[in-house]
Amino acid sequence: MVAASDDLELTLTATVGDGTRLTLQKRIPVRKVDRRGGDRFRFLEPDRLSTDQIVIRDKNRRNDPIGLARSAYPLYGGGSYLVVIRPQQADATKIELQDVPGAIFVREYGYDKEDGGWKFEIDVLFNELLIRSERLIYRVIIKDGKEGRLTGEIHLTLIPPALKRWKFAIAVGVAATVQGAAALTRLVLNPDVSAEEVFGNFSLTQQYPVLLLFSIPLVWLATTVFDRLQYRLRS
């Protein structure tokens with residue numbers, strides 16, 4: 001019900017077991033709503049969320065800036081990066097960037113006048129096989145903390161080190177590769193078959209063990225394709 005008058009008149013009617021009808025009338029005074037002070041909450045703009053300018057540079061590539069890919073910064077395992085956070089609040093006095101246990105280690109440099117923001121160096125310790133999404137959480141302290149603090153997020157895409165998939169492919173496919181090399185050696189060194197006959201009359205149904213020689217690159221390719229697919233499905 002919406003009260004549109006100063007007082008609200010309620011009439012309640014009930015019927016008991018023998019058919020008798022009872023009626024009750026009651027007047028309820030409607031008070032005026034006290035107006036709240038301060039700014040109203042704006043949808044999708046919470047007061048404690050900070051939106052700042054973020055710059056990430058690759059230390060291994062002459063501090064080249066890293067661009068966003070699918071709304072996240074791609075970082076490689078084993079790499080070192082510089083993170084500059086330029087707060088939008090003019091009264092910000094400090095920024096605290098949190099570690100990601102087991103994945104990212106943060107070192108603080110403090111405020112940098114040349115970059116116009118707080119600078120951090122991060123080491124990516126990520127050494128898993130598949131790509132993973134992660135977030136760096138930071139806090140913006142305003143006026144020495146007297147007026148509270150704001151929270152911000154930096155979305156990242158953690159990519160395995162360059163050699164991680166090759167090591168996995170070698171570990172998985174080395175046995176099959178040895179079998180393929182042995183099959184190829186027996187086929188080539190067979191005194192009853194010439195080299196022209198080997199390659200000219202190659203039959204996949206009979207000499208299929210030779211294909212095991214390519215197990216390592218095939219495992220690497222399958223792992224890479226699966227990794228990209230699972231990351232797209234999860235994100």
Side-chain angles (χ1 to χ4, degrees), residues 38-165 224-235:
D39 297 333
R40 293 186 177 182
F41 174 79
R42 291 181 293 178
F43 184 63
L44 292 182
E45 293 186 11
D47 292 339
R48 312 314 302 166
L49 183 61
S50 181
T51 303
D52 308 297
Q53 184 180 5
I54 307 296
V55 178
I56 299 182
R57 299 190 180 98
D58 192 344
K59 290 187 61 180
N60 300 328
R61 296 184 178 181
R62 298 176 299 179
N63 291 336
D64 291 340
I66 297 176
L68 287 170
R70 300 175 65 88
S71 301
Y73 294 95
L75 304 184
Y76 286 85
S80 296
Y81 301 88
L82 289 175
V83 179
V84 180
I85 303 177
R86 299 169 181 153
Q88 300 300 309
Q89 295 77 17
D91 51 357
T93 60
K94 186 179 180 182
I95 293 181
E96 299 174 347
L97 185 63
Q98 299 179 2
D99 296 326
V100 179
I104 296 178
F105 177 73
V106 177
R107 288 192 295 270
E108 182 180 356
Y109 276 80
Y111 184 79
D112 191 321
K113 293 183 179 181
E114 295 183 0
D115 279 325
W118 275 263
K119 182 182 291 185
F120 304 86
E121 181 177 349
I122 63 174
D123 295 327
V124 181
L125 310 177
F126 181 73
N127 194 34
E128 297 181 9
L129 183 63
L130 302 180
I131 296 175
R132 190 179 81 189
S133 298
E134 195 55 78
R135 293 182 300 171
L136 279 174
I137 307 298
Y138 65 90
R139 299 183 184 278
V140 181
I141 301 178
I142 302 174
K143 290 185 179 179
D144 298 328
K146 295 180 180 179
E147 296 185 7
R149 55 179 64 185
L150 305 178
T151 302
E153 298 178 351
I154 304 176
H155 293 266
L156 306 175
T157 300
L158 300 184
I159 304 174
L163 297 179
K164 182 65 177 182
R165 293 197 185 103
T224 302
V225 172
F226 173 78
D227 188 19
R228 298 290 180 179
L229 180 60
Q230 64 87 22
Y231 174 71
R232 288 182 177 272
L233 291 178
R234 287 193 307 174
S235 59

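Position 1 is the first residue of the sequence, and the numbers go up from there.
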**Student:** Supply the atom-to-atom distance Leu130 CG to Leu229 CG, rounded to the nearest 0.5 angstrom.
**Tutor:**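 Between Leu130 CG and Leu229 CG, I get 11.0 Å after rounding to 0.5 Å.
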**Student:** Within a strict 4.5 Å, meaning less than it, do heavy atoms of the Asp115 and Arg57 side chains meet?
**Tutor:**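 Counting from C-beta outward, Asp115 and Arg57 do come under 4.5 Å.
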**Student:** Considering residues at least two apart in sequence or located in another chain, which fulfil the side-chain contact (heavy atoms from CB on, under 4.5 Å) criterion with Pro74?
**Tutor:**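 Applying side-chain contact (heavy atoms from CB on, under 4.5 Å) to Pro74 gives Ile66, Ala69, Ile159.
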**Student:** Just to verify, what does Phe105 make a ring pair (Phe, Tyr, Trp, His ring centres under 6.0 Å) with, not counting sequence neighbours?
**Tutor:**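 With neighbours one apart ignored, the set is empty.
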**Student:** What residues form a side-chain contact (heavy atoms from CB on, under 4.5 Å) with Ile137, not counting sequence neighbours?
**Tutor:**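 Result, side-chain contact (heavy atoms from CB on, under 4.5 Å) vs Ile137: Gln98, Arg135, Thr151, Glu153.
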**Student:** Please test Arg139 against Glu96 for salt bridge (charged side-chain N to carboxylate O under 4.0 Å, His left out), starting from the C-alpha separation and ending with a verdict.
**Tutor:** CA-CA 5 Å; Arg139 299 183 184 278; Glu96 299 174 347; 5.2 Å; no
**Student:** Rounded to the nearest 0.5 Å, what separation is found between the CD atom of Gln88 and the CG atom of Asp52?
**Tutor:**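 Here the rounded value is 6.0 Å.
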**Student:** CG of Asp227 to CD1 of Ile131: how many Å apart, nearest 0.5 Å?
**Tutor:**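 It is 4.0 Å, given to the nearest 0.5 Å.
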**Student:** Just wondering, do Leu136 and Val100 contact through their side chains at under 4.5 Å, heavy atoms?
**Tutor:**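 A side-chain contact exists here, since the closest heavy-atom pair is under 4.5 Å.
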**Student:** Quick one: salt bridge (charged side-chain N to carboxylate O under 4.0 Å, His left out) partners of Lys164, sequence neighbours excluded?
**Tutor:**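 With sequence neighbours excluded, Lys164 shows a salt bridge (charged side-chain N to carboxylate O under 4.0 Å, His left out) to no residue whatsoever.
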**Student:** For the CZ atom on Arg228, are there more than 12 heavy atoms of other groups (residues, nucleotides or ligands in this structure) within a distance under 6.0 Å?
**Tutor:**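 Counting neighbours around CZ of Arg228, 12 or fewer heavy atoms of other residues, nucleotides or ligands fall under 6.0 Å, so no.
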**Student:** Which residues satisfy the salt bridge (charged side-chain N to carboxylate O under 4.0 Å, His left out) test with Arg132, sequence neighbours excluded?
**Tutor:**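 In terms of salt bridge (charged side-chain N to carboxylate O under 4.0 Å, His left out), with neighbours along the sequence ignored, Arg132 is linked to Glu128, Glu134.
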**Student:** Give the table of side-chain donor-acceptor pairs shorter than 3.5 Å for residues 75-84, with sequence neighbours excluded, one pair per line with atom names and distance.
**Tutor:**
{"unit_1": "Ser80", "atom_1": "OG", "unit_2": "Asp123", "atom_2": "OD1", "d": "2.9"}
{"unit_1": "Tyr81", "atom_1": "OH", "unit_2": "Tyr76", "atom_2": "N", "d": "2.9"}

**Student:** Give, for atom CD1 of Ile85 and atom NZ of Lys119, the distance between the pair rounded to the nearest 0.5 Å.
**Tutor:**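 Spacing of CD1 (Ile85) from NZ (Lys119) equals 12.5 Å.
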**Student:** Side chain to side chain donor-acceptor pair (under 3.5 Å) with Lys94: which residues, sequence neighbours excluded?
**Tutor:**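 Applying side chain to side chain donor-acceptor pair (under 3.5 Å) to Lys94 gives none.
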**Student:** Can you name the residues that form a salt bridge (charged side-chain N to carboxylate O under 4.0 Å, His left out) with Asp99, not counting sequence neighbours?
**Tutor:**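 Asp99: no salt bridge (charged side-chain N to carboxylate O under 4.0 Å, His left out) contacts found.
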**Student:** Which residues satisfy the side-chain contact (heavy atoms from CB on, under 4.5 Å) test with Ala72, sequence neighbours excluded?
**Tutor:**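 So Ala72 forms a side-chain contact (heavy atoms from CB on, under 4.5 Å) with His155, Thr157.
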**Student:** How about Leu158 and Ile104: do any of their side-chain heavy atoms sit closer than 4.5 Å?
**Tutor:**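 With C-beta onward as the side chain, the pair touches.
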**Student:** Can you find a heavy atom in the side chain of Leu156 that is under 4.5 Å from one in the side chain of Val124?
**Tutor:**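 When only atoms from C-beta onward are counted, Val124 and Leu156 do not touch, as no gap falls below 4.5 Å.
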**Student:** Kindly state each residue pair satisfying ring-ring contact (aromatic ring centres under 6.0 Å, His included) with at least one member in residues 108-127, sequence neighbours excluded.
**Tutor:**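 For residues 108-127: Tyr111-Trp118.
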